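As the structure lists them, so they are numbered: ligands from 1, and atoms in each ligand from 1. Nothing here was measured: the structure is a model prediction, and the numbers come from that model.
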Amino acid sequence: MKILVVGAGIAGSGVAYMLAHDGHDVRIIDSVDKPHSGGYQILFDTVALRVMRQIGALGIVTDLSTPTATVTVARGQKELFRIPMSGYRSARRGDLVGAISQYAARRVPTTFGQELTGIQHTREGVNAHFADGSTESFDLIIGADGLNSTVRRLAVEIDRSYLYENGRHNLWVNVPGRIAGTTEAAILLGGGLGAQVFPYTDRDQTLVLTSFNLGPGRFAGAELLPRAAELLRTAGPKFAPFIEHVENASPDSIRTTRFAQIRAPHWHARNIVLIGDAAHCIDPLSGAGAHGGLVGGAIFAEELRRTPADVAGAATRYRRRLRPFVRAAQLLTAGVLERATARGLREKLSADRSLLGSALSVRRADVPRRSYATANPAQPIEGERSTPWI
Ligand SMILES: Cc1cc2nc3c(=O)[nH]c(=O)nc-3n(C[C@H](O)[C@H](O)[C@H](O)COP(=O)(O)OP(=O)(O)OC[C@H]3O[C@@H](n4cnc5c(N)ncnc54)[C@H](O)[C@@H]3O)c2cc1C
């Protein structure tokens, strides 16, 4: 089968590698000119690591990451509880995505600087149109093009958007130093805000990721800095060294994002299938995006092996298998954030509904066991454990 994978992120690189291993004629394109690098922090749970091991790329993740420290959750100076993170690894997202895409490119022809702009179903398959004006036919297009997926917009969002927003905005600031010089991580709550304070592993630096309940509209990161600094101030002396750096962060060193999830009822349309954030973005706050993208790719590849002549059937079964995890993760992530930043009883009740929905939809991980690696012997994964809700 001739397959185009749109997007050389974690999800696209993973599924392309697996499908090429299964004998398909696969190509990857990405609109960025060169592999990603730098960026903010990403977490890998043991299920995501297991899939990386299956494609022979576990070494890449372990080289670029370190074990994640236990996370302390606190309100003001009062410690509420601790979340053990054994088995998790954290890395700088861009560096890791870049390395994984380069690993996939060893097996799958990959073109950077090529943007998909249009799709057209044909009797035999599907035509892809590119920004440079060229067109090519494929049997299957996989949209692994992230949160703002062009493939999703063209194939499944014909008359409406499946973007879920809740008025929460995230402010990302990298500051020098670490909590009391250690690799400790913390989640701080208070004043209607929540902040994740996570140390980086490759240098003496910490990510302060603060979530605000601001409603609709756009906000300049600079106007939010004083409130983020205030939350740190109430959290006690351990966080004092970060306050000044947050207050004085330069506008070009900060980033604001809106909390966003994709809650689409379909992840495919004829010979077009969505994988990763394009299908079901959970939001970076979840720490579950790499898991969803990699496991989703592995499940789809497995289902396509079962019925190679029936893409729609394979895509339907893939969604049915992954959806319980996605639903639980989306409701939990949205519910925790909405509860921590709720204004008034109505918002609290709505957050509680999400948390209840998440608890009711908890399922065990469904991860195919196939190995796609030929040369790499199985590498052990420290403390096999996965995201808390599965
Ligand atoms: C800042 C940030 C921090 C995150 N932190 C975490 C974390 O801690 N833990 C975690 O598990 N997940 C995290 N995530 C989410 C995680 O990175 C993703 O869920 C996961 O990597 C899967 O992404 P993806 O491959 O589906 O999409 P992406 O990584 O978004 O990749 C999509 C690719 O498609 C390309 N593309 C887009 N449109 C086109 C087009 N029209 N034509 C060609 N190419 C196109 C883009 O250039 C991009 O390279 C984070 C995400 C972000 C943005």
Engineer: Taking NZ, NE, NH1 and NH2 as the nitrogens, is one of them in Glu247 or Arg233 under 4.0 Å from a carboxylate oxygen of the other?
Structural biologist: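 The answer is yes: the pair qualifies as a salt bridge.
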
Engineer: Listed by chain and number, what are the ring-ring contact (aromatic ring centres under 6.0 Å, His included) partners of Tyr40, not counting sequence neighbours?
Structural biologist: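 Residues passing ring-ring contact (aromatic ring centres under 6.0 Å, His included) with Tyr40: Trp172.
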
Engineer: Would you say the side-chain atoms of Thr234 pair up with the backbone N or O of Leu231, donor to acceptor, closer than 3.5 Å?
Structural biologist: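 At least one qualifying donor-acceptor pair exists.
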
Engineer: Which atom names give the shortest non-hydrogen contact between Pro199 and Glu184, and what distance separates them?
Structural biologist: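 So the two residues come closest at CD-O, 3.4 Å.
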
Engineer: Do the charged groups of Arg168 and Asp283 touch, with an N to O distance under 4.0 Å?
Structural biologist: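 Salt bridge: no.
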
Engineer: What's the shortest heavy-atom distance between Gly293 and Ile275, and which atoms?
Structural biologist: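 Scanning both residues, the minimum pair turns out to be O-CG2, 3.8 Å.
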
Engineer: Kindly tell me which protein residues have any non-hydrogen atom under 4.0 angstrom away from an atom of ligand 1, grouped by chain and ordered by number?
Structural biologist: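 Those residues closer than 4.0 Å to ligand 1 by some heavy atom are Val6, Gly7, Gly9, Ile10, Ala11, Asp30, Ser31, Val32, His36, Gln41, Ile42, Leu43, Arg93, Gln114, Glu115, Leu116, Ala144, Asp145, Gly146, Thr150, Trp172, Arg255, Gly276, Asp277, Pro284, Gly287, Ala288, Gly289, Ala290.
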
